[in-house]
Amino acid sequence: MAATYNLSSAALSSSSSAFFSHSTFSVKNPTVSLPGKRVGVCMCVATSQDSKTAHKTAVSRNENMAKLQAGYLFPEIARRRNAHLLKFPDAKVISLGIGDTTEPIPDVITSAMAQRSHALSTLEGYSGYGAEQGEKPLRSLIGKTFYSDLDIEEDDIFVSDGAKCDITRLQLVFGSNVSMAVQDPSYPAYVDSSVILGQTGQYQKDVEKYGNIEYMRCTPENGFFPDLSKVPRTDIIFFCSPNNPTGSSASREQLTQLVQFAKKNGSIIVYDSAYAMYISDDNPRSIFEIPGAKEVAIETSSFSKYAGFTGVRLGWTVVPKELLFSDGFPVAKDFNRIVCTCFNGASNISQAGGLACLSPEGLEAMHGVIGFYKENTSIIMDTFNSLGFNVYGGKNAPYVWVHFPGRSSWDVFAEILEKTHVVTTPGSGFGPAGEGFIRVSAFGHRENVLEACRRFKQLYK
Ligand SMILES: Cc1ncc(COP(=O)(O)O)c(C=O)c1O
């Protein structure tokens, strides 16, 4: 059943959505559907009154920004969650939506950060700007921990404030004149950064795609790996494994196909391995496990989902020296130039945390946190399996991808929110091939996951 939210402009201004936070908005045409096709929701737009009274600069809006659709997926979900809270002020809303971590950072890691932080108050321990590429001991330890025997050198590794920021920095390296492919569905930052950089055409509402992006369909029918024989050549291929949102991870054979495909086409793969530590079978943890990958791939990764660093901020990107542009210029040199221009290095305190994460005790503690979320995943998968749904992902990732054949994802999202007060994520928000699915995140306190599953059972029994 479709939900209709009755919002007042006061309600909207109390929204936590960053997307809507700077201006005054009011509700216009409350029956407009956005972005789900059949869900009646309010659309927020600046009123004409705003534009009449406000001073306007002479600066024209970046036309690429204007191409972006409605709001970034998660602010849109936050907006709907807030609207729901206004309607049901006493509801105990449980969020299994955005994919933010919930469990405390292990003490062995926070202690190291506290120590570094206190040292900053001493003459001997103070440090200011560090190397833009990250501290050498951390680069070296990332190499030893994640890329041992893969011939990745310390200076191929760039420490950063997170994988999302690196995705946009990589787009700055590539510029506006490249074409790109993404898994469909995929983490929204690839497509949105591509739009912002001007690599795409306009959004085509009929197909729910931007022009000049190849959407590589990943569905149960193809085992969530695209049929590469049908994918046209692009300059850049974004590939995420284990995948957010489908939770599937690619096998060695599939990644070998991908690397060969990139080599044949002269493409660059940007491989996002932000969930690699969740893999519990033999699937590769890094693209560099595949022979030849260093000539065609970049890998970006993160401490966010391993150690609860979503707020601390620490990640890294590997750009091998062997990766060259068509004129023979190393991609790593341009990446270094971008990093030095728009980034002043990850926080020294987070880097101390990163070093602690990769100590023997820190690694054990991170495995403990990941194990906890993996148990949550099993609880969620068992619940939907017991209700007769087709359930995907989960095994190698903290995301469960549940199929509701023939239904709109936003309808299902609204139904679950309205009837169980649980926030999920509509699959279509990750691309058109996500239609008919919802993503349930395993990031949550155990009692909340158990309670959400009880409510799912009541709704769908
Ligand atoms: C696939 C993927 N890549 C990158 C990120 C962002 O990572 P970070 O917190 O390091 O910016 C996320 C966060 O949800 C993600 O799902």
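As the structure is a computational prediction, the values presented were derived from the model and not from experiment. One-based numbering, in listed order, for ligands and for the atoms of each. Worth knowing before you read on, the calculation uses all heavy atoms, side chains too, and leaves out hydrogens, waters and symmetry mates.
- Looking at D161 and R169, a side-chain N of the basic residue comes within less than 4.0 Å of a carboxylate O on the acidic one, giving a salt bridge.
- Pocket lining of ligand 1, defined as residues with a non-hydrogen atom under 4.0 Å away: G162, A163, K164, Y187, Y190, C240, N244, D272, A274, Y275, S302, S304, K305, R313.
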*Stepwise, does the ring pair (Phe, Tyr, Trp, His ring centres under 6.0 Å) test hold for Y460 with F404?*
CA-CA 11 Å; Y460 291 118; F404 291 77; 5.6 Å; yes
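- Residues meeting the salt bridge (charged side-chain N to carboxylate O under 4.0 Å, His left out) test with D282, sequence neighbours left out: none.
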_Pair D334-R337, salt bridge (charged side-chain N to carboxylate O under 4.0 Å, His left out): steps then yes or no_ = CA-CA 5 Å; D334 275 355; R337 188 72 175 79; over 6 Å; no
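- A search for side chain to side chain contact (heavy atoms under 4.5 Å, CB included) contacts involving R455 returns K92, I94, T420, H421, V422, E451, not counting sequence neighbours.
- The salt bridge (Lys or Arg N to Asp or Glu O under 4.0 Å) contacts involving residues 258-280 comprise K263-E295, where partners must be two or more places apart or lie in separate chains.
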